[in-house]
Each structure stands twice: as structure tokens, then as C-alpha cells.
Amino acid sequence: MEIWFYPSKEISRELKCAAKRAGICDDFDPQMRTADPRFGDFQSNGVLPLAKQKKANPRALAQALVDELKSGGAIDESLVKVSIAGPGFINFSLSPEFLNAWLEKFNSQAQLKDAAGKFYNGKKVIIDYPSPNTAKQMHVGHLRPMVIGEAIKRLLKFCGADIKTDNHIGDWGTNFGILIYGIKTQNYKLDPDNENSLEELEQMYKKGSALVKEDPKAADEARMELVKLQNGDAENVGLWNAINKVSTAAFERMYKRMSLTIDMTLGESYYRDKVARIYKELTETGLAEENQGALVVFHREHERFAKQPFIIRKSDGASNYASTDLATVLNRVENLGAEEIIYVTDGRQQDHFQQLFLTVEKWFKAKGYRMPLLRHVWFGTILGEDGKAIKTKSGEPIRLKALLDEAVARAKALVKEKNPDMDDAEADSVAETVGVAAVRYCDLAQNRTNDYVFSWEKLLSFDGNTAPYLLYAAARIHSIFRKIGAEIDGRFEGASTLETEQEIALARKLIALPSVFELTLSELRPHYLCTYLYELAGAFSTFYNANKVIVDDEGTKQRRLMLCARTLRVLETGLRLLGIEPLQKM
Ligand code: ARG
């Protein structure tokens, strides 16, 4: 029998086939659940509802199904035990031999990737993150789209998606009129090569918007600057380019530090000549209507939007966030071949995306365009200890760089405390990894739709569901192999069959990996993966404390070393998927 990567899935499939072959049901739903570990690994509950519907005896029906399953030959009973329990549940128990064979087969990150690749099977996906607005420094609000977006991207890629990041930066809009007006009135000389320019630009914007608020004449002038920019005025276009250059350079420093893998950046400005087609097609198809000078789309069948239309062209004729996003979907489908598009933004944009998705659905249907799967992956707010959105003492958003620098400084103190002998250069590099990972992991470990309270003590703790804990768990396994000079990706020849309760529990946790991938993918919630890694590290710790690895009996030693090696590879794979590069020493 084949050693399946995802046994419960394969057994479900076999059950479905058996039900059909035996003439029991053409479309049997096995309803696989994880079983009470005393009875097995998983349980099919599907016979009971079927028996009810057929007015048949459920136990007899279960027996007929199991007989067919066994005679079909897909299941070898020395590897998977099948039994009927209670009124007609079918229990499946993976034997220690199966667990051993699974661990032998899925022995490296490459093997796992190969097997996981079936989930997305080459599907073309575009993921939209972190998509910041230019001319602003990155602050703590940019953390979540970066880390959640990157984790989802890596996971989908690992699971076989042909995925590209499209960074939809906000580089076009009314604020550029105000910013250019601010620059000109302050006689500010923008130096694209100066690292402080972005901060200075923020000041220019503040000055500009203060003037605009006070004085209607200033507001007119700012609007004129915008019109000049939109009409291609050389001076303003030059300024705009310089602003973007400064922003991009600062963003790129941050992307690098956060290990982001951005494939393309088609900002809002990229679509400025592509919105005319949107107005035309949405009007032609009768979806858009004029409303107080603006062009809008109503989704009256949704109570929430009955009085709140989707504005796709402002009353002054300018395009906006919505028109740009409509043009973006079209471009991603027509020119980039997207079959699925994922948007990662905060929860306040839920209405925007709901209206966008509704509009696209109707518009694509009317035009006969291929409809992609559209998903909005939204997240909550990071709160300070006072329960309000996290801010500096003076009420400003916290700069992301300052936050990370503090995390690294705090991590360095911890690393030095744990390893007083580590030289300073190494401690710095370990601290950079641990500090950034701690901030990142603490975010990913939360269910993304919740708000969470930012706490230094919690995220840097070496106990609990944190990056330091997991990094340390992986580093500790590395040190086992270092100490005895054994190969991590060795073959563990002569390993005997798993025996102790802790060995079996750990092996079961390891082979749960595909189900965790499936769950994480279905909801695009990385915290499921975090919880799993934390539990895996716990199962390892229980095993390691109870079962000595370096023992005289060669078979025992080899199988325990194999468990160590596989745990390490799964932990490391998981951490990498979350955007964290594991350490060998810590
Ligand atoms: N720039 C936007 C913001 O900072 C996020 C853009 C998200 N992507 C999109 N296609 N709308 O809020």
C-alpha cells in the first residue's frame, strides 16, 4: 500500500470509492473526524446519516462498506487498522509501522514541499500586500500586512500555487497636491539620496495640509498642483518621481529586514490610463449610474449598501481607490492570468472589498470575463497596554523601524544572558533574527481578525507560544546532532519500530502537518500553523524528557534520532513559512 502524505484524505477518498463500488451510495460523504486517540487516528461518521436516509441498519451498512474497502486492496491492515465502533462509526488507526514508514518517506523540506504541492497544484494566484502609501514612513500599522501577507504567500507557494506578490502602493491621489504644495511653500529641497528625506516629506505634508485647512485659497492652489501633476507638468512630475524614489528606497530597506519577497509593484498610478475603460464598461452594462455628479454602483440587494453606493469616479471627475481597484482586478486577470486574488489589509476596508467583489462579479458576468476567486484577508488592530491602538507617548504612530530596533536590543540582552560567551558579532546577528522574529511571530500567532495587545514580555518570553521558544527548540535539536556528530538528513538505517507512548504521540503530531496546511489554507489564517508548531515543540519536549535518545540499543537510538530529525525539519519548515529563518545556535 502507498504511504500517503495525508492519510485521512486518502482514506476518505477510498471510502467514497468503496461505497460506490458496493452500490451503497454514489456520492458518499465519509465525514472524517480526528478520533479520540484511544480508539484511533480518525473516524468516519458518515454511515449513520446514510443509514437513516436509507432506513438501513447502520452497523450492517458499516460492515458492508468496510468489507468492500478491504477487498479493494487499497488498505493494508498491517499499516492501517480498521474497526467498527458503537452504532456504526468506522475507526482508523495508523499502526506504528505506518508512522515509521511515513517518517522515512517525508524526510526533508523538499519532500514535504513536493507532497504539499498537490493542494494548489499550479493555480495562478496574485497576492496584494503590503501595499503601503508612499510619502509616509512605515509605522506599526504596516506590520500586519507585511507579516500576514508574506506568511500566506510562502505557505501557498509551498503548497503548489504559482503565486506572485503585487505590491499595490498608494502613489496617486489628492494627497500629492497637498504634499507638492507643502514642498513649494516651504521651499524644501528634496534630496532623494538622503535617508531622512521621508521624514522631512511627512513634515511638508503636515505643513501643507495645515495651510489648506486654514485657507480656501491654499486649498485651491493645492488642487491646482494636483491638476498640474495629472496633466504631466514637468516640475510636478519630477517632484512626484523623487517622492516615489525616496519612499521606495525606505520601503525596500524595511522589506529586506522583514524578509519580504515582493515580485512586482504596480501602484495606483500604474492604472491612471486604465480607468477610462472601467467607466465605459460599467456604464455600458448598466451597472454604474450618475449620482450627484459622481459615477456610482449600487448593490441595492444588500441592505448595508442600499444607501451607500460604491463611488467609482468622484464628482470632480477624478478616479479614486475604487476605480483603480477595478482596473487592477481586470489587469490581474487579463494580463497576469490570475485565477485567485488575495488582498491583505486591515478590517476597516471590509466594505470597500465587499463592494469591489460584488461589482466585479456583476461586471465580469455581463462581459463574459473569466471570474477569479477573490478573497479579502483582513486583520484587526495592534493595541497598546491601555487597550487603544498602539501609539507613542505623544500620540504619533510608532515607527516600525524604532519598534524593531527595540525588539532587537531587548533580544540582545536575552541572548547575552543565555550565552555569556558568545562573541558580540554573533550575538548581534542572533539578536536581529530573534528580535524581528519575536515581533513577527507574536502577530502571526493571533487569529488575524482579532485585535491584540502588544507586550514585550510576552513576545520575547522563552516559554509559551513565541518565536524565542520555537527557535530555541529547533536550535536545541541541532545541538543534539552536533554533539554526537550525526547527520540530520541521514537514513537512520536500522531504526526499529516506534514503541513508547511519547514516540507515538510525537509521530502522530508530525503526520498531522498536511491537515494543518489544509486548515490554514482554507481560512488563510497563519495562527493555525503557529499553534501546530507550538504543540509539536511541546510533544517533542515530552518525548525528549521521557525517552533517552543516546542509548546502547542501536535500533532504539536510530528511531529516536529519526524523530528528532523529522521534528527539526518540520519545525524549520514551519518557521520558514512564517518568514522566520531558523538558527542553528542560540
Ligand atoms: N494602500 C492601501 C492602504 O494603505 C492598501 C491597498 C490594498 N490593496 C488594494 N488593492 N486596495 O490602505
Side-chain angles (χ1 to χ4, degrees), residues 125-150 152-153 163-176 179 198 201-202 205 240 243-244 247-248 250-252 254-255 258 260 262-272 274-275 278 297 310-314 318-336 338 340-361 363 372-382 389 397-400 448 524:
V125 185
I126 296 284
I127 180 163
D128 180 324
Y129 74 94
S131 309
N133 296 331
T134 56
K136 283 201 195 96
Q137 295 187 80
M138 292 197 125
H139 54 78
V140 65
H142 291 103
L143 180 68
R144 304 206 80 183
M146 283 205 242
V147 303
I148 296 171
E150 183 65 24
I152 290 176
K153 179 192 182 180
I163 187 168
K164 295 270 172 327
T165 309
D166 181 11
N167 184 14
H168 190 79
I169 54 170
D171 60 354
W172 200 243
T174 3
N175 51 331
F176 284 97
L179 178 55
L198 200 51
L201 278 176
E202 276 181 357
Y205 183 78
W240 178 75
I243 295 165
N244 284 333
S247 305
T248 308
F251 291 164
E252 271 165 7
M254 188 53 79
Y255 299 159
M258 298 299 296
L260 258 51
I262 309 253
D263 304 296
M264 57 191 145
T265 298
L266 302 177
E268 292 180 23
S269 66
Y270 177 78
Y271 298 96
R272 55 200 152 164
K274 298 178 178 63
V275 286
I278 306 301
V297 179
F310 195 44
I311 303 172
I312 65 168
R313 189 177 63 208
K314 297 196 285 189
S319 64
N320 64 0
Y321 194 49
S323 23
T324 310
D325 254 336
L326 288 163
T328 306
V329 177
L330 190 62
N331 183 55
R332 288 173 179 167
V333 172
E334 277 190 341
N335 302 320
L336 305 174
E340 178 172 340
I341 307 175
I342 299 168
Y343 299 85
V344 185
T345 81
D346 80 61
R348 287 169 301 183
Q349 298 198 29
Q350 285 179 81
D351 277 358
H352 168 77
F353 283 104
Q354 270 179 36
Q355 288 177 297
L356 175 69
F357 295 176
L358 286 167
T359 308
V360 172
E361 219 168 275
W363 163 37
L373 174 64
L374 302 172
R375 301 168 90 179
H376 183 209
V377 169
W378 60 273
F379 49 79
T381 309
I382 307 180
I398 296 176
R399 303 262 171 268
L400 190 51
R448 63 174 162 77
L524 301 181

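In listed order, ligands and their atoms are each counted from 1.
- Scanning for ring-ring contact (aromatic ring centres under 6.0 Å, His included) contacts around Tyr270 gives an empty result, with sequence neighbours left out.
- Between Leu143 and Leu400 there is a side-chain heavy-atom pair separated by less than 4.5 Å.
- Relative orientation of the His352 and Phe310 rings is tilted, given thresholds of 30° and 60° on the angle between their planes.
- Ring pair Phe357/Tyr343 is tilted by interplanar angle, where 30° to 60° counts as tilted.
- Of the N and O atoms on the side chains of Asn244 and Ser247, not one donor lies less than 3.5 Å from an acceptor on the other residue.
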Given side chain to side chain donor-acceptor pair (under 3.5 Å), test Asp171 with Ser269 step by step and report yes or no. CA-CA 6 Å; Asp171 60 354; Ser269 66; 2.8 Å; yes
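- Under 4.0 Å from any atom of ligand 1, one finds heavy atoms of residues Asp128, Ser131, Asn133, His168, Tyr321, Asp325, Tyr343, Thr345, Gln349, Phe353.
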